[in-house]
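Heads up, the thing below is written out as structure tokens.
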2 protein chains.
Amino acid sequence: MKPTPAGAGPGRAATIYEVARLAGVSHQTVSRYMADRSKLKAATSDKVERAMAELNYTPNLAARSLRTRATYRLLALVPGASPFFPSRMLTGAAATAQDAGYHLDVVALEGSGPERTERLRRILDGGPFAGALSFVPLAGTDLLQAQERIPVVVAGEYDDQMRGQGRMSDGSAAQAIVAHLAALGHRRIAHIAGPQAWPAARNRLSVYRRAVQHAGLEDGGVAEAEWSAASGYAAAQTLIADRSITAIFAANDQLAIGAIRALHEEGRRVPDDVSVVGWDDHPESAFLVPSLTTVHMDLEAQGGHAMKQLLAALKPGGTLPTEAGTAGTRLVLRESSGPAPRAPRETRLEP
Amino acid sequence: MKPTPAGAGPGRAATIYEVARLAGVSHQTVSRYMADRSKLKAATSDKVERAMAELNYTPNLAARSLRTRATYRLLALVPGASPFFPSRMLTGAAATAQDAGYHLDVVALEGSGPERTERLRRILDGGPFAGALSFVPLAGTDLLQAQERIPVVVAGEYDDQMRGQGRMSDGSAAQAIVAHLAALGHRRIAHIAGPQAWPAARNRLSVYRRAVQHAGLEDGGVAEAEWSAASGYAAAQTLIADRSITAIFAANDQLAIGAIRALHEEGRRVPDDVSVVGWDDHPESAFLVPSLTTVHMDLEAQGGHAMKQLLAALKPGGTLPTEAGTAGTRLVLRESSGPAPRAPRETRLEP
DNA sequence: ATCCATTATGTGATCGATAACAAGGAGCAG
DNA sequence: CTGCTCCTTGTTATCGATCACATAATGGAT
């Protein structure tokens with residue numbers, strides 16, 4: 001209704017001085033109102049509140065940041081190379097950051113070793129960030145270099161430490177997968193692991209190994225791969241040379257897709273000859289032919305959780321939240337897993 | 001005098017005053033050096049340059065922004081609901097923004113109508129953004145409200161205006177798809193369109209219509225869907241009730257996956273009975289069974305291009321780049337498309 | 001050599017917030 | 001009623017950059 005609300009210019013945002021004048025107090029009182037309104041008398045607080053509302057005041061972050069040396073910008077490092085980085089994780093993290101009054105700046109970190117370190121250094125120099133959340137595994141030197149400046153949380157690292165503990169962790173789902181395959185009569189299974197630089201990949205591999213042993217199955221081999229379907233395809237080609245393997249556990253859905261393709265080209269049917277299970281439950285996975293048995297993840301929540309860890313680390317008394325962030329994972333049974341073919345060689349149980 | 005050696009402290013960044021003192025000039029000269037070094041004498045410029053290098057100076061953006069009222073933050077609006085928003089587009093845009101000295105803040109815009117408008121308003125009020133790049137279609141009111149404050153570019157809108165013009169645009173690839181199907185003997189084809197709020201979806205639909213007519217084919221129907229596989233599945237169920245349709249052109253790969261699933265469940269083979277083509281060429285699409293005929297897109301480049309448009313609009317004389325940003329699209333032929341079954345009804349050419 | 005139009009550099013004020021310190025008032029014991 | 005806290009509010013300085021204006025240096029033309 002009014003282009004110029006009583007004191008504020010047309011486009012120009014109101015300042016604390018204008019709010020102060022309208023409220024009949026000093027600018028510092030307005031500043032205090034924002035910092036901790038409980039320290040003001042109720043009457044004063046009300047006056048300020050009304051004035052702010054009338055002028056539609058919003059603080060100038062540049063000015064505040066200049067004075068306090070605090071910055072409200074966080075850095076999100078996402079993989080540049082991996083095209084299917086789950087953007088939901090990012091949006092979950094961004095939403096959490098925004099709710100806490102921070103801005104999240106996205107940077108794709110790609111390339112390898114030294115050039116990546118250099119890029120990281122340039123970014124960190126470029127502007128002061130309050131902290132960084134990395135969805136990319138950071139090598140030791142990168143991480144140290146970054147951390148000596150600001151708090152850095154690498155998504156998944158924390159869960160990594162909690163590896164396989166209880167139902168909150170990735171681990172229990174991996175265990176459920178192996179148990180599922182064992183129940184279907186599979187005796188010899190293989191694993192296509194993700195890049196071991198990634199915590200999630202290490203976690204899944206380690207739980208796979210333990211679960212196989214625990215269930216008394218034979219480990220038909222582990223092939224390390226990138227996260228891509230192409231890489232899963234190549235890894236599977238190697239693994240399935242061993243015809244006694246009747247099930248493959250892939251560390252994510254893309255790898256599983258690649259594995260199914262490799263099996264298809266060898267003329268082996270899924271799941272009749274070989275079962276394949278994935279991980280992540282991409283929205284398409286239910287519609288593939290065959291549809292994919294996989295582990296459902298709430299990626300958005302995981303992104304939000306990682307951000308909460310970072311926010312906690314930013315506070316002076318910074319302690320990390322104690323619960324792991326992978327709650328909500330669950331095994332989803334679909335067509336790509338089925339009974340082991342014929343009579344599985346039950347006699348070959350001794351090592 | 002201060003605990004910081006030689007002007008620059010360990011944590012504390014150097015200021016123009018420190019640079020000025022070291023260079024033996026005034027702070028304003030240092031400021032001018034950054035603004036336009038050509039206006040300084042070569043000797044002065046050198047001194048400043050050396051001092052900056054020695055102190056490892058980086059400007060304090062908060063201070064600059066406070067004085068100039070300019071802000072170096074851009075807003076990226078990404079869909080919150082659509083989990084498979086191509087994050088490469090985002091990283092492409094982010095990289096371009098960073099090269100230009102801007103920071104890109106990611107916000108997921110989800111929900112519908114009024115609540116979304118409210119959220120957008122809150123974000124825009126939250127802090128001054130220099131501009132916004134939206135990967136989400138914005139409704140008229142949202143857009144107007146946003147644009148009265150800052151320049152807004154909606155990715156794809158521009159290409160939308162250039163619809164189907166020349167080989168740079170989405171259009172030619174859609175035309176190539178239809179021509180490809182016609183060459184395989186298909187006479188009656190259908191289209192699963194994306195949400196018509198999205199420029200890319202409108203574009204593909206409109207070119208589909210034109211190309212079908214131009215190739216003298218019959219339009220077997222258009223079903224509008226969301227971008228998801230689930231939605232493609234539902235849409236295809238409707239379309240394939242018409243058994244005379246021998247090919248489906250889906251507006252993206254997820255839709256195509258859903259369509260293939262629907263056909264599979266009806267006992268119809270791909271491509272023997274029905275051909276299916278997608279769009280986007282996700283990295284997995286080559287490994288599906290059957291692998292997907294699709295249109296390859298350089299999403300990263302498209303994201304970068306959209307950002308360039310925004311950056312151009314930010315400059316005072318702001319004009320948009322003249323070329324469309326979809327160069328690099330190309331048809332990729334794979335297993336999901338093949339010859340029309342048996343003798344296509346060649347006699348039914350008249351309407 | 002002198003003067004003037006440029007060009008190059010320096011000085012002080014300013015952006016909008018918080019920090020540091022000072023000062024006015026209320027409440028209460030003596 | 002005095003004097004002393006404690007609580008609330010006001011005044012002035014400051015963060016690090018640019019802007020506006022003043023001044024010094026430069027280069028021709030006279």
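Given the structure is predicted, the values throughout are model-derived calculations rather than measurements.
When the P atom of C/dA17 is taken as reference, atom CG of A/Asp36 falls 18 Å away, rounded to whole Å. Distance, B/Asn60 CG to D/dC15 P: 12 Å, rounded to whole Å. Between the CZ atom of A/Arg67 and the P atom of C/dT14 there is a distance of 19 Å, given to the nearest Å. Summarising the geometry, the separation between CG on A/Leu66 and P on C/dC15 is reported as 14 Å, rounded to the nearest angstrom. Here the P atom of nucleotide D/dG16 and the CD atom of B/Glu18 are 8 Å apart, to the nearest Å. Spacing between atom OH of A/Tyr17 and atom P of C/dA17 amounts to 8 Å, rounded to whole angstrom units. One can place CZ of B/Arg37 at 15 Å from P of C/dA8, the figure rounded to the nearest angstrom. For A/Ile16 and C/dA19, the CD1 to C1' distance is 12 Å, given to the nearest whole Å.
With sequence neighbours left out, A/Val30 forms a side-chain contact (heavy atoms from CB on, under 4.5 Å) with A/Ile16, A/Val19, A/Ala20, A/Val25, A/Val48, A/Met52. The side-chain hydrogen bond (donor to acceptor under 3.5 Å, both in side chains) check on B/Gln98 picks up nothing, with sequence neighbours excluded. Remark: A/Ser26 engages A/Thr29 in a side-chain hydrogen bond (donor to acceptor under 3.5 Å, both in side chains) (not counting sequence neighbours). Residues satisfying the ring pair (Phe, Tyr, Trp, His ring centres under 6.0 Å) criterion with B/Tyr33, sequence neighbours excluded, are absent altogether. Checked against side-chain hydrogen bond (donor to acceptor under 3.5 Å, both in side chains), A/Arg50 has no partners two or more places apart in sequence or in another chain.
Interatomic distance, B/Arg73 CZ to B/Leu104 CG, rounded to the nearest 0.5 Å: 11.0 Å. Atom CG of B/Leu310 sits about 11.5 Å away from atom NE2 of B/His305, to the nearest 0.5 Å. Distance check: B/Phe129 CZ to B/Thr71 OG1 gives 8.0 Å after rounding to the nearest 0.5 Å.
The phosphate of C/dA17 has neither OP1 nor OP2 within less than 4.0 Å of any side-chain N or O from A/Tyr33. For A/Arg69 and D/dG16, the shortest distance from a side-chain N or O to OP1 or OP2 is below 4.0 Å.
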Pull out every protein N or O sitting under 3.5 Å from an N or O of nucleotides 22-24 of chain C, one pair per line with the distance.
none

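If you check distances only, the side chain of A/Arg64 never reaches the base of C/dT18 with a donor-acceptor pair under 3.5 Å.
A pairwise comparison of heavy atoms in A/Ala130 and A/Pro151 identifies O-CD, 3.3 Å as the closest pair.
B/Asn60 has its side chain out of reach of B/Thr15: every pair of non-hydrogen atoms, C-beta onward, lies at least 4.5 Å apart.
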request  = Sugar-phosphate atoms are those with a prime plus P, OP1 and OP2; base atoms are the rest. Using that split, label each nucleotide of nucleotides 5-11 of chain D B, S or - for protein heavy atoms under 4.0 Å, 5' to 3'.
outcome  = ---SBBB
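Note on the helix from C/dA1-D/dT30 to C/dG30-D/dC1: angle between the axes of the first and last five pairs equals 50°, rounded to 10 degrees.
For residues 35-78 of chain A, every residue pair satisfying the ring-ring contact (aromatic ring centres under 6.0 Å, His included) rule, not counting sequence neighbours, is listed here: A/Tyr72-A/Tyr102.
With the nearest nucleotide of DNA chain C identified for both A/Val30 and B/Thr68, B/Thr68 has the one nearer the 5' end.
Without hydrogens or angle criteria, B/Thr96 side chain to B/Gly92 main chain gives a donor-acceptor distance under 3.5 Å.
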